[in-house]
Each structure stands twice: as C-alpha cells, then as structure tokens.
Amino acid sequence: MISINNTTTSIEALTMNYPPESIQYKVIRILSDSQNAYNYSSMNQLFFEADLRNSIITASRRLNSSYFSFKIFRKSTCNTNYWERTGEGGFLLKKNVLPTVAISDILTNSSEYGTECATAMVVVYYLALLEVFTEKRYNELFTDIYLMDWQHLDQRIGIQQYRYIKDFLPGDCRYFKNPDVDPLVPEWQGENTIDLGDGTYYGHGLGINTAEEIVDTLNRYRFEDANESAYLLESATRLNFKRLYSLTSN
Amino acid sequence: MILDYDISGALFMNISHLSNEKSLDNIRLNDGSNRLKDYFDQNMSINSLKLIYQLNDESLHFATLYVLLPELKKHNLINRLNNRNKDAINIINIITNSKITNTKKALYDYTSQSYSTLKWIFDTGHQEDGVNDDYDEIMDRVCSILIKYYKDKTILNTVIKMIFNRNRKGYYTHDLIWALFESKDTEILIQIAKYIKSDNKEDIKLAKKLLSFIPNIDELVLRNQYQQINTWLKENKSFISFTGEYFQQTNSPIPYEVSHESKYFCTYYDNNSKLHNKLDNQKQKTLDSFSNLKVEYKELLSDFSFRLYKSDKSKWNLWIELPLIQQIYIAVKNII
C-alpha cells in the first residue's frame with residue numbers, strides 16, 4: 001500500500017505517467033500491492049525512487065554490454081587519467097577531476113576497467129545517479145568518490161541492507177551466497193546482483209542470468225564433497241531514495 | 001657435515017649449525033632480494049651443489065624460495081629440490097593458475113605432503129607478508145586452505161596480526177578476513193578486541209568494524225570501555241553463531257550474532273548441530289515458544305537465564321520449567 005503524505009493514493013493516479021511495461025510501473029505496482037505501508041511525502045518523491053530504480057537497471061544493462069571486466073581486487077585496473085588505484089585495489093577519484101567525467105569514463109573507456117562484483121554494484125549506483133542529478137549538483141555532491149566496496153560508498157547515498165523482507169523491487173541489489181565455496185577461489189563466495197525486474201539479474205562477471213543459472217554457476221566453485229548449495233538471500237541492499245531525493249536541489 | 005636423502009631422492013643437508021656459512025635467508029634479509037638473486041646467479045657456476053644444499057636445508061624460509069623461483073626455473077633446478085620445496089612450488093602454481101578451482105583435487109594431484117608444506121609456507125612466510133600483491137595472494141590462499149580445508153586453528157592469532165598489519169599500510173585485507181571468519185571460531189573475537197586498546201587509529205577503526213555486532217560498540221570504544229567489550233565477549237562467546245556475512249556483501253556485515261536460544265538454555269552454540277536436537281521434548285516445546293517471542297523478550301530472558309544459571313543452578317532448574325509468561329515476570333522484577 002502506498003500513501004502520499006499519509007493519504008492512501010490509488011494505483012491509477014500514481015502510474016498514469018508510466019506505460020505498464022515500464023520499470024517504474026512495476027515498482028509502483030509492487031509497492032501498491034504490498035501488505036506493507038509505504039509512505040512518501042509527495043508523489044515526486046515516489047516518482048524519484050521509481051525513476052532512479054529504472055536508471056539502476058539501465059546502468060546495469062549498459063555496464064553488461066561494455067568491456068568492463070571482472071578482475072579480483074589484487075589485479076584490478078582503471079583509467080589512471082581519472083582514478084588512482086589504491087594499495088587495496090580500489091579506485092580513488094583524482095583531485096581536479098570532475099566526478100561526472102570520471103564516472104562516465106567507466107562506460108566510455110570500459111576496457112580499461114576491471115574489478116570485482118561489489119565494486120561493480122557501486123559503479124552501477126554512481127552511473128545511475130548521473131541520470132537523476134544535474135551535472136552541477138552531482139559534481140557538488142560526490143567529490144570524494146572511492147570505488148572499492150560497500151564500505152566506501154558516499155554516506156549521503158545511504159546504502160543499507162534490509163534483512164528478512166517480503167517485497168523485492170526492480171533495481172534492488174540482491175546477494176547470492178555460496179557458503180561452501182572452495183578456498184582457492186574466494187571471489188566465488190557470492191555474487192552481488194541487480195534485480196532487473198524481469199526475472200533476471202545482472203552480476204558483474206556473470207552477465208545477465210536467471211537466479212537458477214547464477215546458483216548453478218556458483219555451485220561449480222564449491223569445494224569437493226560440499227553439501228550446501230548456493231542460494232539467494234532474503235535481503236536486499238538499497239539506496240536511501242528519500243534522502244537522495246532531498247539532495248536533488250540545494 | 002651430515003648428508004642425507006629425502007624420500008624424493010633429492011640430496012639435502014642440515015647446514016643451520018654452520019655459523020660461518022651465510023645462509024640464503026640471511027642474504028635476503030640483510031642485503032635484499034636482488035642481492036640474493038645475484039648471489040645465486042654468481043654461485044651457480046662455481047658451486048651449484050652448495051646452493052642446492054642451502055635451498056633444501058630444513059631451516060630455509062619460504063620467502064627465499066619464492067624470491068629464487070625464477071632463477072630455479074632459469075637454471076633448470078626444480079628437479080633437484082626436496083619434496084617440501086617441490087610441493088611449495090606446485091602450491092604456488094596451483095594458486096596462481098586461475099583455471100584450478102578444486103583444492104582437494106589440486107593438492108592430491110600435485111603435492112605429496114600438502115599440509116606440512118602449507119604449514120611451512122605459512123610459518124616461515126608470514127613475516128614477509130605485505131612484500132607485494134603476488135606474494136600476499138599466495139599467503140591469502142594458503143591461510144584459507146589451512147583454515148577452511150584443514151580446519152587449522154593454530155594459525156588464527158597470526159592471521160589476525162597479518163590483517164591488522166596490512167590494514168595499517170592500506171593493503172588488501174578482504175580475503176584474509178574472510179579466511180579468518182570462515183574458521184567460525186569465537187576465540188578470535190577476544191584477540192581482535194585487543195586492538196581496541198591500540199595506539200593506532202586504523203587498528204581501532206578495523207577492530208570496531210569487525211566487532212560491530214557487539215551492542216553499543218561505538219560508544220564503548222569512544223569511552224574507552226575496553227573492559228566492558230571484553231566482558232561482553234567472554235559472557236557471550238559460547239552462544240555466538242556465525243552468520244557468513246562479509247564486507248563483499250554489505251556495508252555493515254554482521255559476521256556473528258548471539259543465539260538467544262542457546263544463551264537462554266545455557267547451551268553452547270554449535271554451527272554444526274541444531275539446538276533442538278540437544279533438548280528433551282518439554283524443552284523443545286519451550287524453545288518453539290521462545291523462538292516466537294519478540295527480540296526484546298528474547299534478550300531479557302536469555303540474559304536473565306545466563307546470570308541465574310551462573311549464580312544458582314538449582315534455582316535455574318526450577319525457573320526454566322516455568323511457563324514463559326512467569327519467567328518473563330520474574331526476569332522483569334528480578335525477584336528470584
């Protein structure tokens with residue numbers, strides 16, 4: 001159920017601007033059909049979340065079509081015109097480089113970039129945010145980008161893991177866990193993915209696959225005699241959409 | 001001088017007692033890796049047998065073998081090494097070959113004494129951790145195989161030191177932290193907590209991150225309440241369960257959590273065996289009801305139960321048989 005400023009609002013009023021096959025429509029539909037109450041301060045706040053979720057999916061697909069490759073942190077690579085590669089294998093935005101330029105370069109010169117799946121998710125988010133913030137505002141806000149893992153994502157983005165939830169939405173980051181991974185290949189201990197809203201998931205290095213296909217792939221990297229299959233966790237990692245909406249204007 | 005043959009037929013001798021002999025390890029440690037390689041190249045034509053003796057010496061450190069590996073290949077000497085060294089080179093090859101993904105098969109196919117060689121690599125090689133990415137990757141994998149495959153807990157305290165040393169230098173720590181937590185050992189938490197008292201800010205930051213599941217950890221660290229952190233860990237470590245969450249998965253992983261059910265029944269938590277199976281029928285029913293309680297009631301009852309068990313087991317035996325509602329009443333009033 002969706003309420004706008006504590007008033008329940010009909011699905012028709014909320015989806016009239018979106019075609020039924022759109023991601024935004026699906027997002028609003030799931031929220032509206034849910035037994036949970038989702039409250040937004042305004043319709044625009046809800047539309048911002050739906051649009052940003054759509055941008056997350058678009059960014060995932062674009063990254064998947066690029067030459068952005070999978071490499072373990074120790075072997076990670078980046079365009080050093082814009083990024084400094086740190087001792088732990090992350091990419092730190094260089095001084096005097098515009099954040100919008102450096103982030104866009106990951107798609108423009110994608111073959112120069114290679115890293116693990118957690119960083120890829122962070123890249124997806126920064127790429128998606130390019131679509132919802134003006135260039136000026138983006139460059140004001142995200143001046144200290146460090147592409148590494150979840151720890152280093154800009155705090156204003158407000159990333160949070162939601163455990164044991166019932167509603168899963170297109171644009172959610174979902175984690176496939178592989179508890180019996182072979183110790184030789186810890187990079188296969190799990191896969192961060194973006195829910196593309198059509199029964200498939202984008203995972204960096206794996207491409208776009210169904211949940212069953214991802215589980216099958218992870219299971220191939222278990223140790224011999226393993227007895228636990230890889231599985232999709234009942235949790236989702238999400239941006240703080242409401243806070244980000246509040247940041248769109250000064 | 002004692003000459004001997006190992007089971008591969010390779011000649012070796014123990015020269016560690018020859019104090020006037022400058023060992024390969026000493027050359028590396030005192031003069032550096034490049035000087036060691038030069039020394040090795042120069043002496044190959046003069047006395048290659050002596051070099052082989054030195055390499056096969058039981059006191060050799062892994063880092064020396066690692067540094068000399070290109071020279072050994074260049075001079076075609078690998079077949080003249082003893083089993084330990086041959087195994088170590090095969091382990092390096094296994095780790096660096098991305099197509100090999102099956103530990104059990106790889107160790108079976110390519111090594112003759114895998115565990116003792118892995119231990120030798122770790123014991124004599126960990127001090128050089130941080131030299132470069134390739135070397136550190138080998139140490140990461142050796143640790144994960146020893147911990148996850150061989151269930152070796154003797155290395156855990158050293159692994160903790162390696163993690164904090166790397167963290168101070170800004171080096172990659174994820175795989176080592178992963179290997180450490182895969183031990184599912186709760187004693188490591190006490191060791192990690194010691195870094196809360198460190199003078200180094202990076203140590204404290206990392207220790208806080210790794211122990212983030214302890215209630216109010218930020219505040220306790222801020223107020224230098226190390227003793228309280230330690231007390232909490234000692235009280236709860238028998239009931240802590242391993243969740244398998246890591247930094248790869250989320251920004252705020254909770255790798256361990258207290259099993260309120262185990263604490264309530266004052267029964268050690270065991271990752272491999274369900275609590276349910278350790279209880280009689282009556283207690284199984286109580287467990288089912290307990291599991292449906294709100295978290296705050298679970299916390300209340302488990303804390304009270306633990307304290308009562310420690311102070312007066314006969315009273316605890318009576319209390320645990322009461323209906324849950326009465327247990328809650330007694331715990332709230334603290335009247336037993």
Can you pull out all donor-acceptor pairs below 3.5 Å that join chain A and chain B?
residue, atom, partner, partner atom, Å
A:Arg74, NE, B:Asp140, OD2, 3.4
A:Arg74, NH1, B:Asp133, OD1, 2.8
A:Arg74, NH2, B:Asp140, OD2, 2.7
A:Lys75, NZ, B:Asp134, OD1, 3.1
A:Glu88, N, B:Gly170, O, 3.3
A:Asp149, OD2, B:His174, NE2, 2.8
A:Trp150, NE1, B:Gln248, O, 3.0
A:Trp150, NE1, B:Gln249, O, 3.3
A:Gln151, NE2, B:Thr250, O, 3.4
A:Gln151, NE2, B:Asn251, O, 3.3
A:Ile159, O, B:Asn251, ND2, 3.2
A:Arg163, NE, B:Glu245, OE2, 3.1
A:Arg163, NH2, B:Glu245, OE1, 2.7
A:Arg163, NH2, B:Glu245, OE2, 3.2
A:Tyr175, OH, B:Gln248, OE1, 2.7
A:Lys177, NZ, B:Gly244, O, 2.5
A:Pro179, O, B:Lys148, NZ, 3.2
A:Asp182, OD1, B:Thr103, N, 3.4
A:Asp182, OD1, B:Thr103, OG1, 2.3
A:Asp182, OD2, B:Thr103, N, 2.9
A:Asp182, OD2, B:Thr103, OG1, 3.4
A:Pro183, O, B:Ser144, OG, 3.0
A:Leu184, O, B:Arg141, NE, 3.1
A:Asn192, ND2, B:Gln248, O, 2.8
A:Glu224, OE1, B:Asn102, ND2, 3.0
A:Asp225, OD2, B:Lys104, NZ, 2.8

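In this structure, chain A has no heavy atom under 4.5 Å from any part of B:Ile147. Only the side chain of A:Ile72 has a heavy atom closer than 4.5 Å to any heavy atom of chain B. Interface residue B:Ile254: backbone and side-chain heavy atoms are both found under 4.5 Å from chain A. With a threshold of 4.5 angstrom between heavy atoms, A:Cys173 does not approach chain B through any atom at all. Neither the backbone nor the side chain of A:Met121 comes within less than 4.5 Å of any heavy atom in chain B.
Interface summary for chain B: among A:Pro186, A:Ala118, A:Gly87, the most heavy-atom pairs under 4.5 angstrom belong to A:Pro186.
Other residues, nucleotides and ligands contribute more than 12 heavy atoms inside 6.0 Å of the CZ atom of A:Arg61.
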